[in-house]
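Whatever order the structure lists ligands and atoms in, that order sets their numbers, starting from 1.
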Amino acid sequence: MAVFTPVSLDDLSGWITQFPLGKALSIRGISSGIENSNFFINTDSGEYVLTLFEKLEAEQLPFYLELMRHLAERGILVPAPVANRDGKILHQLNGKPAAIVSKLAGESQLAPQPVHCAELGAMLACMHMAAEDFPIRQPNLRGLEWWLQTTPTVLPYLPPELQQLLSSEVKFQQDFAAGQVYAELPLGPVHADLFRNNAMFVGENLTGIFDFYFAGCDTWLFDLAVTVNDWCVDLDSGALDLPRLQAMLDAYRAVRPFTAAEQQAWQPMLRAAALRFWLSRLYDFYMPRAAEMLTPHDPGHFERILRLRISEAVPALA
Ligand SMILES: Nc1ncnc2c1ncn2[C@@H]1O[C@H](COP(=O)(O)OP(=O)(O)OP(=O)(O)O)[C@@H](O)[C@H]1O
Ligand SMILES: N[C@@H](CCO)C(=O)O
């Protein structure tokens with residue numbers, strides 16, 4: 001269940017004439033995904049993905065779509081937004097902001113091996129560098145400010161021990177973000193939600209990364225930490241899987257070596273990345289929207305990851 005706003009072939013047929021894609025031949029709702037309404041569409045010129053944005057603000061959308069256009073133009077494997085005859089990539093359909101992007105081949109690799117992690121690590125580093133000169137600036141809207149705002153909302157629902165863990169970690173991150181090491185971290189537009197379900201592979205080859213709708217400007221290391229905490233962990237325990245971790249870090253480093261500040265910030269950043277998703281999952285759990293109740297993400301998974309990143313030394317970045 002992930003089509004909140006239906007679109008018929010009839011709706012599509014009139015609307016699509018503004019794009020150089022020929023006629024619309026078919027449309028099929030995509031059932032996974034909980035943020036937007038997504039459809040695979042077939043046209044005279046091939047297969048594409050149509051997205052209707054359900055809750056993102058129209059003023060935030062140019063950042064995401066223009067970033068995808070910018071990256072695609074630089075050879076980064078991301079869906080390329082399709083421009084209409086006036087060059088516009090953000091439109092309206094059935095009362096919602098809408099866009100068409102190219103369809104990536106393949107499928108998600110939900111049980112990644114080191115070879116997949118290496119592909120992703122290299123692409124992530126290339127993406128960070130390719131986005132450096134992207135001219136639109138939008139903060140990571142799920143960054144420290146959001147953590148500070150959201151923590152008081154969820155705290156009353158938690159037992160004392162979890163209240164203590166959440167409050168102390170937010171305080172730790174606030175202090176860390178105010179320090180010298182943090183100030184020296186390289187930053188720019190980042191994906192910020194690069195989980196296993198947001199990349200496609202054909203066999204061992206990465207065909208692209210998608211779902212840029214949590215992207216924003218943040219440290220590159222935060223993006224890598226988010227990615228590591230999903231791709232390089234044992235999903236039952238949350239423990240780091242060293243061969244996958246090493247493969248991802250080696251591939252990233254081969255494209256862009258880590259700075260001294262990044263090496264010092266690695267463990268705090270893995271904690272920050274765990275906190276980010278623990279908090280958003282707690283928020284969605286206690287304040288669900290209708291669709292999220294159907295596909296709840298387990299906050300306990302990121303609570304476990306956070307505890308481990310606090311208590312266990314992680315391999316150095318160097
Ligand atoms: N450009 C694309 N190429 C191929 N498949 C895509 C593309 N975009 C989306 N999909 C497919 O649609 C599904 C849902 O997309 P997406 O993850 O962007 O939705 P969402 O509503 O933002 O969900 P969530 O935030 O929960 O991941 C994906 O799992 C993927 O199968
Ligand atoms: N990746 C997020 C979902 C939003 O994309 C999570 O697993 O909590």
Polar contact flag for [X] and ligand 1 (N/O pairs, less than 3.5 Å):
X	value
Asp211	yes
Asp193	no
Asn36	yes
Leu104	yes

(message) If the threshold is 4.0 Å, N to carboxylate O, is there a salt bridge linking Arg304 and Asp298?
(response)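 Yes.
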
(request) Consider every N or O of Asp193 and every N or O of ligand 2, then say whether any pair is closer than 3.5 Å. (result)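 By distance alone, the answer is yes.
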
(request) Using distance alone, decide if ligand 2 has a nitrogen or oxygen within less than 3.5 Å of any nitrogen or oxygen in Asp211. (result)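 No.
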
(request) Identify the residue among Ile310, Thr151, Leu279 that makes a side chain to side chain contact (heavy atoms under 4.5 Å, CB included) with Glu169. (result)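 Checked Ile310, Thr151, Leu279 against Glu169; only one passes side chain to side chain contact (heavy atoms under 4.5 Å, CB included): Ile310.
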
Could you list the atoms of ligand 1 found under 4.0 angstrom from a heavy atom of [X]?
X	answer
Asn38	14 (C), 15 (O), 16 (P), 19 (O), 20 (P), 21 (O)
Pro79	1 (N)
Ile30	11 (C), 12 (O), 13 (C)
Met200	4 (C), 5 (N), 30 (C), 31 (O)

(request) Share the residues that join Phe172 in a hydrophobic cluster, the rule being Ile, Leu, Val, Met, Phe, Trp or Tyr side chains under 4.5 Å apart at the heavy-atom level. (result)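 When side chains under 4.5 Å apart are linked, Phe172 ends up in no cluster with other residues.
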
(request) Report yes or no: does Tyr213 have a heavy atom closer than 4.0 Å to ligand 2? (result)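 No.
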
(message) Please determine whether any non-hydrogen atom of Phe210 lies less than 4.0 Å from an atom of ligand 1.
(response)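 Under 4.0 Å: yes for Phe210.
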
(request) Kindly indicate whether a cation-pi arrangement holds for Lys103 with Phe40, taking the cut-offs as under 6.0 Å to the six-membered ring centre and within 45° of the axis. (result)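 Yes, a cation-pi geometry.
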
(request) Identify whether NZ of Lys or CZ of Arg in Arg276 sits under 6.0 Å from the centre of the six-membered ring of Phe222 and within 45° of that ring's axis. (result)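 The answer is no; the distance or angle limit is not met.
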
(message) Can a side-chain donor-acceptor contact be found between Gln138 and Tyr64 if the only test is distance below 3.5 angstrom?
(response)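 Yes, because at least one side-chain N or O of Tyr64 sits under 3.5 Å from a partner of the opposite role on Gln138.
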
Under 3.5 Å donor-acceptor pairs involving side-chain atoms of residues 152-165, not counting sequence neighbours:
{"from": "Glu161", "atom 1": "OE2", "to": "Arg307", "atom 2": "NH2", "distance (Å)": "3.3"}
{"from": "Gln163", "atom 1": "NE2", "to": "Leu155", "atom 2": "O", "distance (Å)": "2.9"}
{"from": "Gln163", "atom 1": "NE2", "to": "Leu158", "atom 2": "O", "distance (Å)": "3.1"}

(request) Of the side chain and backbone of Phe302, name the one, both, or neither that has a heavy atom under 4.0 Å from an atom of ligand 2. (result)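 Neither part.
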
(message) Does the plane of the ring in Trp220 sit parallel, tilted or perpendicular to the ring in His128? Use 30° and 60° as the thresholds.
(response)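 Rings of Trp220 and His128: parallel, under 30°.
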
